Asker: 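Here's a structure for you.
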Amino acid sequence: MEKKIVLSGIRATGHLHLGNYYGALRNFVEMQQEYDCRYFIADYHSLTTQPDASLLNDNVRSILAEYLAAGLDPNRCMLYVQSDVPETCEFYTLLNMHAYLGELEKTVAFKDKARKQPNNVNAGLLTYPVLMAADILQHKAHYVPVGKDQLQHLEMARNFANRFNHFYGCDFLVPPYPYEAKGEPVKVPGLDGSGKMGKSEGNCIFLNDDDRTVERKVRKAVTDMTPTEPDSPMSEPIQNLFVLLRLVAEKSVADQYLAAWNDCSIRYGDLKKEIAQGIIKVISPMRERYEQLYADTDYLNKVRREGAERVRAIVRESLDEMRRLMGIRMF
Ligand code: ADP
Ligand code: TRP
């Protein structure tokens, strides 16, 4: 049986953090076994919010090394950089003719970004969902593993696909659906007491943080007064620390700390040390691989080149069909 196609991407806006790892990357690694997976680094998309030319190439390079260090294997999935496949731009141009201003303006992420950067509400930001749809539809991907914040973009990709098929009387574009990771979706909290871990929140533990940095960041995590009465409600900062502990420690260890919290014998200093050690155990092997990979320009270039070649051969076919359906003919 043909494997179902999975596509996903992460914007090239800085180093990957623990939230990216548990929310996205870890699933990508697992999915390579079962699906025809294609993963890319969305460098065009990052230009919508971060137009600093001096940062972009290094971000792409470090994320590629981080992808590989986390276990993405170019022999088992297609790994590429968005701008290495310029066919995507033409696909996007063509798809733009079937995306309407009204629906683009109503996108939650667009409104949010327009509020955050009022002096740079550029057309790329407005048509972000069209470029994302082009990324996906050119692969005829069935599934896209994304976080909650991206569900609306995915719904728009389905709308564009259905609208296009209806307009040209074909079933060429495949409407993509969110991929539900096995088990509960994970939201990695920040260390600042509330909310999620995220780059714009500035509260991240990065996958390439060294041990001392991890210890320092965790030591500074927000807590509350130690509980004094059994069965008192647990505050949000402490709930968040337990979420982190459950992600990185054995279940029995996390249960012990919970019991200690319940009988008020817990010491937050110990809890934090346990969390820091757990995080270090998860990320330090990745960091070591990352450092080797990041330094290996020839290997990174080879991965990029081969990924781009494989993907371009596939999307070229989709693009030719798209052009044909829309009436474009070469001289
Ligand atoms: P950031 O919020 O740091 O800018 P992105 O929005 O670029 O991160 O997220 C890239 C991927 O990582 C998305 O699939 C997103 O859902 C996932 N992700 C980011 N932060 C978290 C988090 N704290 N918990 C779980 N998943 C996350
Ligand atoms: N918008 C996604 C994010 O911010 C990144 C992205 C761009 C993407 N194109 C995609 C994700 C296509 C999945 C499929 O996380």
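This one's a predicted model, so the numbers in the text were calculated from it and none came from an experiment. In each ligand, atom 1 is the first atom listed, and ligand 1 is the first ligand listed.
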Asker: So for atom CD, which belongs to E291, do other residues, nucleotides or ligands contribute more than 12 heavy atoms lying within a distance under 6.0 Å?
Answerer: yes

Asker: Mind checking whether Y80 and H139 have parallel, tilted or perpendicular rings, split at 30° and 60°?
Answerer: tilted

Asker: Purely on distance, is any nitrogen or oxygen of R11 under 3.5 Å from one on ligand 2?
Answerer: yes

Asker: Below a 4.0 angstrom heavy-atom separation, can you tell me which part of D149, side chain or backbone, both or neither, approaches ligand 2?
Answerer: neither

Asker: List every atom of ligand 2 that sits less than 4.0 Å from any heavy atom of H45, numbering the atoms from 1 in the order shown and giving each element.
Answerer: 7 (C), 9 (N)

Asker: Got the closest protein heavy atom to atom 5 (C) of ligand 2, with its distance?
Answerer: G9 O, 3.6 Å

Asker: Show which atoms of ligand 2 fall inside a sub-4.0 Å distance from at least one heavy-atom site of Y128.
Answerer: 1 (N), 2 (C), 3 (C), 4 (O), 5 (C)

Asker: Indicate every side-chain donor-acceptor pair of residues 324-331 with a distance under 3.5 Å to a residue at least two apart or in another chain.
Answerer:
unit_1: R324; atom_1: NE; unit_2: E321; atom_2: OE1; d: 3.2
unit_1: R324; atom_1: NH2; unit_2: E321; atom_2: OE2; d: 3.1
unit_1: R329; atom_1: NH1; unit_2: R324; atom_2: O; d: 3.2

Asker: Using a 4.0 Å cut-off to any heavy atom of V144, which atoms of ligand 2 qualify?
Answerer: 13 (C), 14 (C)

Asker: I'd like the residue list for ligand 1, meaning every protein residue with a non-hydrogen atom under 4.0 Å from the ligand.
Answerer: R11, H17, G19, N20, G23, A24, G147, D149, V186, K187, V188, K196, M197, G198, K199

Asker: Pick one: which of D84, L79, V85 meets side-chain contact (heavy atoms from CB on, under 4.5 Å) with V81?
Answerer: D84

Asker: Would you say the side chains of T49 and Q117 form a donor-acceptor pair under 3.5 Å?
Answerer: no

Asker: When you check the side-chain N and O atoms of S252 and D255, is any donor under 3.5 Å from an acceptor?
Answerer: no

Asker: Is D112 paired with R115 through a side-chain N to carboxylate O contact shorter than 4.0 Å?
Answerer: yes

Asker: Can you pull out the closest protein heavy atom to atom 9 (N) of ligand 2? Residue, atom name and distance to 0.1 Å, please.
Answerer: D135 OD2, 2.8 Å

Asker: For atom 2 (C) of ligand 2, what is the nearest protein heavy atom, given as residue, atom name and distance?
Answerer: Q150 OE1, 3.4 Å

Asker: Is it the side chain (CB and beyond), the backbone, both or neither of Y179 that lies under 4.0 Å from ligand 2, heavy atoms counted?
Answerer: neither

Asker: May I ask you to decide if R316's main-chain N or O and E87's side chain share a donor-acceptor pair within less than 3.5 Å?
Answerer: no

Asker: Does Y177 have R158 sitting over its ring (NZ/CZ under 6.0 Å from centre, angle to axis within 45°)?
Answerer: yes

Asker: With a 3.5 Å distance limit and no angle check, can you tell me whether D192 reaches the backbone of A221 through a side-chain donor-acceptor pair?
Answerer: no

Asker: Using a strict 4.0 Å cut-off to heavy atoms of S8, name the atoms of ligand 2 that fall inside it.
Answerer: 13 (C)

Asker: Any donor-acceptor pair under 3.5 Å linking the side chain of S62 with the backbone of H15?
Answerer: no

